[in-house]
Structure formats: C-alpha cells, structure tokens
Student: 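Have a look at the structure that comes next, please.
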Amino acid sequence: MMKMNRPLKPEWLRQNFKKWGRKYKENKELNKEYKPEYKKKRVNILLLPILRTATKKHCAFCDDKITKGTIEHFRPKSEFPLYSYVWRNLFPSCNICQEKNNRFSKYLLKPDRKSYSFNKYFLYNSASGEIEVNPKAIDEDKIKAEVTIEIYKLNSPEQIESRMDCFENYSNKGIERDKLPYRFIFIK
C-alpha cells in the first residue's frame, strides 16, 4: 500500500455526488440497481481513469499493477450508500482487494491520508513475501496495520506468490519503481 496523492475532485462530481448518493440509497432500498451517468457515460467509467492516474495504475491497497481494475468504495456503498460518490471514498482497486465483502473498520488505513506512509505501518519480508506489521509502530498503528492486512487480504497466497515473483524477477534489473507492481518491496 503506497501513498496515494489524490487529485482534485472533478467539478462534475462535486456538483452531483450528493444527488447520486441519495438516488443510490433510494434505489438500494427498492432493490433496484442504480448506475448514474454524466454526459451519457457511466460515472464509474469516467472516474476510474482519474483514480488510476493518482496511483500510477496500481491498486491503492495491495499496489499490484492494474490494467482495468475497479473502483473500491472504502466505506462500502451497501452500508454507507450516501458515500457512494464521495470523492475521498473512491479508490482504484484490483479484483482481489475489491473482494473485501463490504467489510469496514474504523482502523482500516487509507492510502490518501497525509500521515500515511508504508514504513510507518508495515515491513516487507522478502524471505516470506509477507507484509508484516512494523514492530516499531505504536499500538494503535499496529492495530490499523493488522486490520488492513486482514480485510484487504494482503497476505493471501496469491498476493504472496505474486510479490515473491516480482521481487525475484526485478530486484536487480534497475527498472523504474513506478513501472513495477508492489513498489513497497523496493523501498529502502
């Protein structure tokens, strides 16, 4: 999970997010699907490229490279329907991290927070391929790291294997870090 520098909210989103959130909530209560459009294009199709640019085409949570990806609602829209189109609630995500199954915790880390940095909360263990809680973190930060690892499945067998392959294949090739998946592996 690398620091995400969130761009400014698109003006068209600023003008419509409350209305779209209310309509999403109303339709959800009626068991109907709601997919708003802006200028005859689905809103999520317009938002995803902007969000992907903010993370240099990486998942905001596991930091794997994403080609298409999806939008992760940090506060799940099923539980927080009025947050469905709130700019700071939207993140580019891979399919694995998207599968958090509407789970949320007040301890879940947000990569766009000013105070966030990978090394404050985590360490990468190149021998095991796991993301570990930084033992130097203060108690509440350790809880935040543990919750984030668990909810986003950052140490799933697929994630570990992929990180191990990445570390093995790229650690000595001098490739620009932003072009690699799992950029935190290469932080010194």
Side-chain angles (χ1 to χ4, degrees), residues 1-9 50-66 69-84 86-168 170-171 176-188:
M1 202 163 131
M2 295 290 288
K3 173 92 172 115
M4 176 182 166
N5 295 314
R6 186 176 291 278
L8 293 175
K9 179 186 337 182
I50 299 167
L51 292 167
R52 286 180 58 224
T53 299
T55 60
K56 300 180 181 173
K57 300 181 181 177
H58 289 79
C59 173
F61 303 100
C62 74
D63 202 52
D64 195 359
K65 290 287 279 181
I66 50 176
T70 186
I71 294 177
E72 165 67 10
H73 293 79
F74 186 76
R75 290 181 182 264
K77 61 184 180 180
S78 63
E79 302 296 318
F80 303 90
L82 296 176
Y83 281 72
S84 296
V86 171
W87 183 235
R88 294 222 173 260
N89 194 49
L90 307 174
F91 291 86
S93 177
C94 69
N95 291 332
I96 292 174
C97 290
Q98 176 69 30
E99 294 174 358
K100 73 176 191 181
N101 296 324
N102 299 323
R103 295 175 65 203
F104 177 74
S105 167
K106 68 179 184 176
Y107 293 108
L108 197 57
L109 289 168
K110 284 185 79 184
D112 65 340
R113 292 270 162 113
K114 287 182 182 179
S115 63
Y116 177 80
S117 81
F118 181 85
N119 290 335
K120 179 179 178 179
Y121 300 96
F122 306 107
L123 297 175
Y124 174 67
N125 183 329
S126 60
S128 69
E130 292 184 336
I131 295 174
E132 299 175 347
V133 175
N134 185 337
K136 295 180 182 176
I138 61 172
D139 290 343
E140 186 171 327
D141 289 347
K142 286 179 183 178
I143 293 168
K144 290 176 180 179
E146 289 168 355
V147 167
T148 301
I149 289 169
E150 195 259 323
I151 287 179
Y152 282 109
K153 304 174 190 172
L154 298 180
N155 283 330
S156 70
E158 300 88 10
Q159 294 283 15
I160 290 171
E161 182 179 354
S162 185
R163 285 193 294 264
M164 294 287 284
D165 289 346
C166 177
F167 186 74
E168 183 179 315
Y170 297 106
S171 60
E176 184 183 337
R177 185 174 78 190
D178 283 338
K179 294 182 179 177
L180 298 172
Y182 313 116
R183 295 169 290 176
F184 55 81
I185 291 173
F186 305 101
I187 295 174
K188 302 243 187 259

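These values consider heavy atoms only, across backbone and side chains, with no hydrogens, waters or symmetry-generated copies.
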Student: Using distance alone, with no hydrogens and no angle criterion, decide if Arg163 and Asn125 have a side-chain donor and acceptor under 3.5 Å apart.
Tutor: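 There is no such pair (donor and acceptor under 3.5 Å, judged by atom type) between the side chains of Arg163 and Asn125.
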Student: OH of Tyr121 to CG of Asn134: how many Å apart, nearest 0.5 Å?
Tutor: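 Answer rounded to 0.5 Å: 11.0 Å.
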Student: Side chain to side chain contact (heavy atoms under 4.5 Å, CB included) with Glu161: which residues, sequence neighbours excluded?
Tutor: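 Glu161: side chain to side chain contact (heavy atoms under 4.5 Å, CB included) contacts with Asp165.
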Student: Is the cationic atom of Arg6 (NZ for Lys, CZ for Arg) positioned less than 6.0 Å from the six-membered ring centroid of Phe91 and within 45 degrees of its normal?
Tutor: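 Yes, Arg6 lies over the aromatic ring of Phe91.
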Student: Write out all pairs satisfying salt bridge (charged side-chain N to carboxylate O under 4.0 Å, His left out) with one or both partners inside residues 142-151, taking only residues at least two apart or from two chains.
Tutor: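 Listed once each, the pairs are Arg103-Glu150, Glu140-Lys144.
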Student: Would you compute the distance between atom OG of Ser162 and atom CD1 of Ile96 and round it to the nearest 0.5 angstrom?
Tutor: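 Between Ser162 OG and Ile96 CD1, I get 7.5 Å after rounding to 0.5 Å.
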Student: Only counting residues at least two apart or in another chain, list the ones meeting salt bridge (Lys or Arg N to Asp or Glu O under 4.0 Å) with Asp64.
Tutor: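 Here no residue qualifies.
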Student: Let me confirm one number: the CH2-CG distance from Trp87 to Asp112, rounded to the nearest 0.5 Å.
Tutor: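 Going from CH2 on Trp87 over to CG on Asp112, the span is 10.0 Å.
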Student: Got a second to check how far Ile66's CD1 is from Ser93's OG, nearest 0.5 Å?
Tutor: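 The CD1 atom of Ile66 sits 7.0 Å away from the OG atom of Ser93.
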Student: Out of Leu51, Ile50, Thr53, which one pairs with Pro7 under the side-chain contact (heavy atoms from CB on, under 4.5 Å) rule?
Tutor: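 In the set Leu51, Ile50, Thr53, the residue that makes a side-chain contact (heavy atoms from CB on, under 4.5 Å) with Pro7 is Ile50.
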Student: Kindly state whether the ring of Phe104 and the ring of Phe80 have centres lying under 6.0 angstrom apart.
Tutor: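 Ring centroids of Phe104 and Phe80 are less than 6.0 Å from each other.
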Student: What distance separates Glu158 CD from Cys62 SG, expressed to the nearest 0.5 Å?
Tutor: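 Here the interatomic distance stands at 11.0 Å.
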Student: On a heavy-atom basis, which atom in Pro92 and which in Met4 lie closest, and how many Å separate them?
Tutor: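 That would be CD-CE, 4.2 Å.
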